Amino acid sequence: YVDGRPSTLARLAGLISSLEATGTEAVPVLAGDFLSPSALGEAPVDGERLKGRQMVDVLNRVGIRYVTLGNREFDLDREELRARQRESTFGWLAANLQGTDTGELLEGLGAWDTVRVRSPSGAELVIGLIGLTFTDVGSTADWVRAQDPLAVMREAFPALEGISDVQVALTHLPLDLDRELARAFPGLDLILGGHEHDGHDVRPGPGLARITKARANAETAWVHRLRVDPRTGALSVESEQVDLTGEGQRDIRPDSAIQRRVEEWFDRAFVAFAAVGIRPREIVGEVPQLDGRESTVRFGPSRLTGLIAQAMLRCDGGGSGSPRIALYNSGGIRVDDVLGPGTITEYDVLRVLPFGGAVVRVDVPGSVVSALLDHGRAADASGAGSFLQTSENVTGSVAAWSVDGAPLDPLARYTLVVNDFVAGGYESPGVPIDRAHPWDTIAEMRLALIGAIRGDTMLSGCLPPA
């Protein structure tokens with residue numbers, strides 16, 4: 001939702017209503033990453049950050065029936081996640097997530113469930129839904145363990161198949177793992193996936209489950225119409241991807257009640273932001289087109305990534321005399337959108353960097369810089385949140401880096417201006433910044449970016465007021 005435009009969730013509710021008006025029974029589901037990350041979710045409303053409270057409230061009203069968890073749901077701590085589950089009216093499915101303390105299915109979850117639906121002609125159909133979640137959840141949430149989804153599926157699928165007419169996997173898995181799932185279980189009828197932020201429509205092979213993934217931020221939705229031949233019992237599935245941005249050919253009337261509720265949450269959050277010195281509707285300045293899509297920032301530099309690095313360096317006085325380098329992980333950029341050209345508000349900056357975080361200055365030998373760059377630009381970092389963005393004075397490739405046009409010297413000293421997430425070793429385990437090299441906090445990421453866009457010359461705006 002952006003001020004002045006209908007929310008895509010209001011359009012989703014309108015789409016569901018239009019389907020149900022024809023006598024079709026809709027079973028809306030969501031494939032994870034809906035609680036976090038979110039600029040709005042960081043608003044301190046009623047004494048605590050929202051942390052997805054606004055999402056659960058609106059999804060309840062939209063009529064979502066089931067969700068699976070995405071890996072970003074574990075940005076919340078255990079009690080925050082349990083609170084969101086208790087607030088929800090929908091079911092949470094993830095057959096492969098265990099509590100590390102119990103060894104049992106994580107509390108608040110079901111492995112699978114069945115839904116009995118009736119067609120306009122009176123025919124009944126039992127849909128079996130099983131949830132599966134990406135295995136990479138334990139790095140920041142040591143209270144949950146993800147089992148191999150294929151192994152769990154081998155145990156659970158026969159029972160689900162025995163009590164349902166249609167078998168659907170609701171997954172938050174990388175696309176390659178969804179393909180493995182389709183090949184391993186030819187009895188599956190559909191795989192409704194998440195994790196990738198771009199829409200996908202994949203047919204892995206004849207007779208195998210079709211894999212569909214909607215675009216992030218509810219920009220699209222998939223509608224799957226299930227039909228069973230009353231004579232033969234044969235199932236057919238008609239699938240359609242629907243644009244919810246208002247730019248597609250299909251005219252979907254937004255649900256006015258959902259729109260009002262979305263606006264109420266924004267108003268409450270904006271009041272809360274104002275109380276801590278953030279003015280979401282305040283215009284920061286004019287910007288050229290800034291590409292913040294994950295398909296851009298997780299593969300290479302862009303005008304936006306360069307602007308953020310420049311903003312970080314601006315907040316460093318530059319007094320050490322050693323070469324200065326800005327580094328940060330691209331996973332901190334969450335807007336997944338193109339901003340500008342034109343005016344940008346403080347809320348736009350919150351959308352770009354919802355997690356915020358400190359910018360720190362630390363003096364390190366070139367060997368540490370090289371280790372960070374090698375890790376953040378390795379082949380397996382491409383496309384991931386660990387892909388490292390740098391200031392423009394860093395060039396080269398793995399094991400052959402240059403700074404300010406000179407080869408990186410492993411024995412020389414360099415000043416790193418880096419976000420605390422990278423400095424703390426969360427993206428580069430084994431690189432000893434946090435243990436061996438003390439740092440000074442010089443900025444907050446979002447305030448640094450606001451100052452750079454405004455063209456501030458003073459450094460006083462880099463940190464929140466004391």
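This chain uses plain numbering: 1 for the first residue, then up along the sequence. Everything quoted here is computed from the prediction, not taken from an experiment.
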Taking all heavy atoms of [X] and all of [Y], pick out the closest pair and write down the distance.
| X | Y | value |
| --- | --- | --- |
| His224 | Ser239 | ND1-OG, 2.7 Å |
| Pro44 | Ala272 | O-CB, 3.2 Å |
| Arg154 | Pro158 | O-CD, 3.4 Å |
| Leu50 | Ala269 | CD1-CB, 4.4 Å |
| Leu12 | Ala221 | CD1-CB, 4.1 Å |
| Ser36 | Asp75 | OG-OD2, 2.7 Å |

Test: [X] and [Y] ion pair at under 4.0 Å:
| X | Y | answer |
| --- | --- | --- |
| Asp178 | Lys213 | yes |
| Asp113 | Arg65 | no |
| Glu180 | Arg183 | no |
| Glu80 | Arg49 | no |
| Asp337 | Arg293 | no |

[X] side, atom [atom1]; [Y] side, atom [atom2] - distance, nearest 0.5 Å:
| X | Y | atom1 | atom2 | result |
| --- | --- | --- | --- | --- |
| Phe134 | Asn96 | CZ | CG | 11.5 Å |
| Arg53 | Leu35 | CZ | CG | 12.5 Å |
| Glu346 | Leu449 | CD | CG | 10.5 Å |
| Leu76 | Leu69 | CG | CG | 10.0 Å |
| Leu353 | Arg334 | CG | CZ | 11.0 Å |
| Ile450 | Met445 | CD1 | CE | 12.0 Å |

Pick one: which of Leu192, Leu177, Leu181 meets side chain to side chain contact (heavy atoms under 4.5 Å, CB included) with Thr171?
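Between Thr171 and the candidates, side chain to side chain contact (heavy atoms under 4.5 Å, CB included) is satisfied uniquely by Leu181.
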
Audit row: Thr133, His172, side-chain hydrogen bond (donor to acceptor under 3.5 Å, both in side chains) steps and yes/no
CA-CA 5 Å; Thr133 291; His172 194 92; over 6 Å; no

Donor-acceptor contact present, side-chain [X] to main-chain [Y], <3.5 Å:
| X | Y | value |
| --- | --- | --- |
| Asp374 | Ala371 | no |
| Asp420 | Gly357 | no |
| Glu20 | Glu25 | no |
| Ser164 | Thr114 | no |
| Glu263 | Ile258 | no |
| Glu196 | Asp198 | no |
| Gln167 | Asp189 | no |
| Gln241 | Ala214 | no |
| Glu73 | Gly70 | yes |

Neighbour count above 12 (heavy atom, 6.0 Å) for Arg82 CZ
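Buried by this count: over 12 neighbours within 6.0 Å.
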
Inspect the surroundings of CD in Glu87 and state if more than 12 heavy atoms from other residues, nucleotides or ligands are less than 6.0 Å away.
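Above 12, so yes.
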
Is there side-chain contact between [X] and [Y], with heavy atoms separated by less than 4.5 Å?
| X | Y | result |
| --- | --- | --- |
| Asp57 | Gln54 | no |
| Asp165 | Leu235 | no |
| Ile252 | Asp243 | no |
| Arg268 | Asp46 | yes |
| Val352 | Leu290 | no |
| Asn419 | Asn329 | yes |
| Ser397 | Arg377 | no |
| His200 | Ile211 | no |

Pair Val338-Thr296, side-chain contact (heavy atoms from CB on, under 4.5 Å): steps then yes or no
CA-CA 10 Å; Val338 177; Thr296 298; over 6 Å; no

Measure centre to centre between the rings of Phe157 and Trp112, then say whether the value is under 6.0 Å.
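No, they do not, as the ring centres are separated by 6.0 Å or more.
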
Could you go step by step and tell me if Phe74 and Leu81 meet the side-chain contact (heavy atoms from CB on, under 4.5 Å) rule?
CA-CA 8 Å; Phe74 297 96; Leu81 181 59; 4.1 Å; yes

Please work out whether the ring planes of Phe34 and Phe90 are parallel, tilted or perpendicular, with thresholds of 30° and 60°.
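Perpendicular: the ring planes of Phe34 and Phe90 meet at over 60°.
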
Please work out which of the three classes, parallel, tilted or perpendicular, describes the rings of Phe270 and Phe266, given edges at 30° and 60°.
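It falls in the perpendicular class, over 60°.
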
Dump the intermediate steps for side-chain contact (heavy atoms from CB on, under 4.5 Å) on His195 and Asn71, then the final yes or no.
CA-CA 8 Å; His195 193 56; Asn71 49 302; 3.3 Å; yes

Is there a side-chain contact (heavy atoms from CB on, under 4.5 Å) between Tyr328 and Ile333 once you walk through the steps?
CA-CA 10 Å; Tyr328 65 97; Ile333 301 173; 3.9 Å; yes

Any side-chain donor paired with an acceptor under 3.5 Å for Asp291 and Ser302?
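Judged by distance alone, the side chains do not pair up.
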
Using the rule salt bridge (charged side-chain N to carboxylate O under 4.0 Å, His left out), only one of Arg227, Arg210, Arg225 pairs with Glu238; which is it?
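Only match with Glu238 under salt bridge (charged side-chain N to carboxylate O under 4.0 Å, His left out): Arg227.
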
